[in-house]
Amino acid sequence: MAPSSSLADRLEHVRASIDAAARNAGRDPASVTLVAVSKFHPASSIQDAIAAGQRVFGENRVQEAAAKFPPLREETPDLRLHLIGGLQTNKARDAVRLADMIESLDRPALADALAHAAEAVGRLPDLLIEVNTGDEPQKFGVPREDADAFIRTCRQRFGNKLRGLMCIPPAQEDPTPHFRLLRSMAHEHGLPVLSMGMSADYPVAIAQGATMVRVGTAIFGPRPASP
């Protein structure tokens, strides 16, 4: 899809690619949710995506989401906001207040902070545990060797609010083994949601069972400079 194409055209192209990947895998396209990753992009771009029918968005930073999404929700109440970036414990209360899903639960201290915030705010978003499938030291995510125990602990603590798992495979590796590992973990623990796959590899993720794909550049274009 040419960079000069409209956002609506790019969004439609991604949707068609998701549908094709799902059908090629023998899956119902409706089983895959598109999370449009709008981080660093202005509210006007999100409005364009809303006008084209998109309702689920992903943001990395709590502060940025807090600035953009409450006004957008006044106009479009059925928007869903996913927080997909590494989350600091001191942002837990704002995250719990804002998000419909937090995809980056990855350590006991954050689980504690989210539980306390939920008690104070009176609501708890859906949660995904982020697994560092490549055990990369520079990345967020629970290490592979700790994942099973952490998943069990969070299932006991959060019940059905723990919906599934998320991963970001190493950039220079074939993502397929990482997607398979995450799928195996989710199946073992009876978790229905697999958030995996981004602009460069979401068809591969869908073939491996992704129920959510996080697509930014292919919809919104190149990322603006970080504020």
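Each residue takes its place number in the sequence, starting with 1.
- Neither I46 nor V37 shares a network with the other; the hydrophobic side chains, linked directly or stepwise wherever heavy atoms of I, L, V, M, F, W or Y lie under 4.5 Å apart, form separate groups for each.
- Note that CZ of R183 is 8.5 Å distant from CG of L194, once rounded to the nearest 0.5 Å.
- The closest side-chain donor-acceptor pair between E103 and S195 falls under 3.5 angstrom.
- Listed here is the closest heavy atom pair of A66 and P70: O-CD, 3.2 Å.
- Between atom NZ of residue K161 and atom CD1 of residue I102 there is a gap of 10.5 Å, rounded to the nearest 0.5 Å.
- Heavy atoms of other residues, nucleotides or ligands lying less than 6.0 angstrom from CG of N160 number 12 at most.
- When hydrophobic clusters are built by joining Ile, Leu, Val, Met, Phe, Trp and Tyr residues whose side-chain heavy atoms come closer than 4.5 Å, directly or via intermediates, V193 is not grouped with L87.
- Here D94 pairs with R97 in a salt bridge; the nearest charged N to carboxylate O distance falls below 4.0 Å.
- Separation of atoms OG1 (T76) and CZ (R55) is listed at 5.5 Å; rounding is to 0.5 Å.
- Scanning all heavy atoms of the two residues, the minimum distance from A65 to L81 falls at CB-CD2, 3.9 Å.
- Within a 6.0 Å radius of CZ in F140, no more than 12 heavy atoms belonging to other residues, nucleotides or ligands are found.
- Across every non-hydrogen atom of L114 and L124, the tightest pair is O-CD1, 4.3 Å.
- Between the side chain of S104 and the backbone N or O of G85 there is at least one donor-acceptor pair closer than 3.5 Å.
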Q. Does the pair R10 and S6 meet the rule for a side chain to side chain contact (heavy atoms under 4.5 Å, CB included), with working shown?
A. CA-CA 6 Å; R10 295 192 298 270; S6 72; 5.7 Å; no

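- Side-chain contact between V56 and L34 is absent, with no heavy atoms from C-beta onward closer than 4.5 Å.
- Grouping the Ile, Leu, Val, Met, Phe, Trp and Tyr side chains by contacts below 4.5 angstrom, directly or via other members, places F158 with V121.
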(Q) With side chain to side chain contact (heavy atoms under 4.5 Å, CB included) as the criterion, how do I50 and L72 come out once you've worked through the C-alpha distance, each side chain's angles and the decisive distance to 0.1 Å? (A) CA-CA 9 Å; I50 292 169; L72 291 167; 4.3 Å; yes

**Q.** Derivation and outcome, side-chain hydrogen bond (donor to acceptor under 3.5 Å, both in side chains), residues E59 and H82
**A.** CA-CA 6 Å; E59 289 280 338; H82 291 209; over 6 Å; no

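- The closest side-chain heavy-atom distance from Y202 to M196 is not below 4.5 Å.
- Note that CZ of F69 and CG of L79 are 6.5 Å apart. Values are rounded to the nearest 0.5 Å.
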Q: Could you please spell out the steps behind the side chain to side chain contact (heavy atoms under 4.5 Å, CB included) verdict for K91 and Q63?
A: CA-CA 9 Å; K91 303 295 183 186; Q63 304 96 306; 3.7 Å; yes

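- Of the charged side-chain nitrogens involved, at least one lies within less than 4.0 Å of a carboxylate oxygen, so that R73 and D100 count as a salt-bridged pair.
- With hydrogens and angles left out, the side-chain atoms of S45 and D48 include no donor and acceptor closer than 3.5 Å.
- Side-chain contact check for P170 versus E136: some heavy-atom pair is nearer than 4.5 Å.
- From M101, atom CE reaches atom OG1 of T33 across 8.5 Å, with rounding to the nearest 0.5 Å.
- With R155 contributing its side chain and L162 its backbone, the two residues share no donor-acceptor pair below 3.5 Å.
- Looking at every heavy atom in both residues, I84 comes nearest to N60 through CG1-OD1, 3.2 Å.
- There is a path of hydrophobic side-chain contacts, each under 4.5 Å, that joins L83 to I129.
- Using a 4.5 Å heavy-atom cutoff, the side chains of Q47 and S44 are in contact.
- Distance alone, capped at 3.5 Å, places no donor-acceptor pair between the S184 side chain and the R180 backbone.
- For Q172, the CD atom counts as loosely surrounded, since its 6.0 Å shell holds 12 or fewer non-hydrogen atoms of other residues, nucleotides or ligands.
- Using a 4.5 Å heavy-atom cutoff, the side chains of L127 and C154 are not in contact.
- Panel note: side chain R27, backbone I206; a donor-acceptor pair is recorded below 3.5 Å.
- Hydrophobic clustering keeps M166 apart from L105 (ILVMFWY residues linked when any side-chain heavy atoms are closer than 4.5 Å, directly or through intermediates).
- Contact of the V32 side chain with the I18 side chain is registered, since non-hydrogen atoms from C-beta on lie closer than 4.5 Å.
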(Q) Using the rule given for side chain to side chain contact (heavy atoms under 4.5 Å, CB included), can you reason through M198 versus I168, listing the C-alpha separation, both sets of side-chain angles and the distance that settles it, and then say yes or no? (A) CA-CA 8 Å; M198 299 185 289; I168 304 174; 3.6 Å; yes

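- Closest approach of D106 to G141, counting heavy atoms only: OD2-N, 3.1 Å.
- Ion pairing of E64 with K39 is absent here, as no side-chain N (NZ or NE/NH1/NH2) approaches a carboxylate O to less than 4.0 Å.
- To the nearest 0.5 Å, the span separating CD on Q54 from CZ on R80 amounts to 12.0 Å.
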Q.
Pair D112, R157 - check salt bridge (charged side-chain N to carboxylate O under 4.0 Å, His left out), show working.
A. CA-CA 10 Å; D112 290 344; R157 184 168 204 173; 2.5 Å; yes

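- Listed for the N24 side chain is a donor-acceptor partner under 3.5 Å among the backbone atoms of A20.
- Using a 4.5 Å heavy-atom threshold, the side chains of P143 and D135 count as touching.
- The nearest pair of heavy atoms linking H178 to C167 is O-SG, 4.4 Å.
- Contact check for E188 versus D148: side-chain heavy atoms found under the 4.5 Å cut-off.
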